[in-house]
A.B. asks: 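Submitted below is the structure of interest, expressed as structure tokens.
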Amino acid sequence: MAGTFTQIAMHFVFSTKHRAPLITPDLRSELYKYIGGIIRNEKSVMVEIGGMSDHLHLLCLLHPTSSTSEMMRLVKANSSKWINARPRTTRFEWQDGYGAFSVSKSILPTVSEYIRNQEEHHRNKTFQEEFLEFLKKHEIEYDPRYIWD
């Protein structure tokens, strides 16, 4: 084949360290823009970003040379460094791990809508409950003793 043709859509989910509510409303908008810039710098596209005070969801179209682990390393390292350079009373940290779930093009609008409606989803469900549901839905095995930091 003469070219490279890809459609690599990923739904990333990750939280603040110990799920601390550190993503304040005044930080949220700027943080989302900053993370969008990181993703663009990696030749990828952010389709949707959203979350709550303790976690984020990113829906991205990854460039074929991008890896999920490298994208998450860059997003988390650079955004936490950027946040901590701002005047704050509390040190900002992301959790050590993340969830990355492949998304079919046919359900991109559904996943985008899900991410936009995080406040509604979390009226009755914690981040931990939501994340465990993702692992079960995607049939990802895990040891409950080691899932939370």
A.B. asks: To the closest 0.5 Å, what do you measure between CZ (R40) and NE2 (H63)?
C.D. replies: 15.5 Å
A.B. asks: Verify the cluster assignment for W82 and Y32: are they in a single hydrophobic cluster under the rule of side-chain heavy atoms below 4.5 Å apart?
C.D. replies: yes
A.B. asks: Is the centre of the F92 ring less than 6.0 Å from the centre of the W94 ring?
C.D. replies: yes
A.B. asks: Give me the one residue out of L58, V103, V47 that meets side-chain contact (heavy atoms from CB on, under 4.5 Å) with H11.
C.D. replies: V103
A.B. asks: Got a sec, which residues hit side-chain hydrogen bond (donor to acceptor under 3.5 Å, both in side chains) with D26, two or more places apart in sequence or on another chain?
C.D. replies: T24
A.B. asks: Please name the pair of heavy atoms, one in K76 and one in G97, separated by the smallest distance, quoted to 0.1 Å.
C.D. replies: NZ-O, 2.8 Å
A.B. asks: Tell me whether F12 is reachable from V75 by hopping between hydrophobic residues (I, L, V, M, F, W, Y) whose side-chain heavy atoms are closer than 4.5 Å.
C.D. replies: yes
A.B. asks: Is R116 paired with E113 through a side-chain N to carboxylate O contact shorter than 4.0 Å?
C.D. replies: yes
A.B. asks: Same cluster for L135 and F127 if Ile/Leu/Val/Met/Phe/Trp/Tyr side chains link at under 4.5 Å?
C.D. replies: yes
A.B. asks: Would you please test K33 and E30 for salt bridge (charged side-chain N to carboxylate O under 4.0 Å, His left out) and show each step?
C.D. replies: CA-CA 5 Å; K33 290 176 190 172; E30 289 184 68; over 6 Å; no
A.B. asks: Quick one: do V13 and M46 end up in the same hydrophobic cluster if we chain Ile, Leu, Val, Met, Phe, Trp and Tyr together by side-chain heavy atoms under 4.5 Å apart?
C.D. replies: no
A.B. asks: For this output row, return yes or no: ring centroids of F131 and Y142 closer than 6.0 angstrom.
C.D. replies: no
A.B. asks: Between H57 and Q118, is there a side-chain donor-acceptor contact under 3.5 Å, judged purely by atom types and distance?
C.D. replies: yes
A.B. asks: So which heavy atom on Q95 is nearest to which on F14, and how close?
C.D. replies: OE1-C, 4.1 Å
A.B. asks: Could you state the interatomic distance from NE2 (H122) to CD (E129), rounded to the nearest 0.5 Å?
C.D. replies: 9.5 Å
A.B. asks: Can you name the residues that form a side chain to side chain contact (heavy atoms under 4.5 Å, CB included) with A77, not counting sequence neighbours?
C.D. replies: none
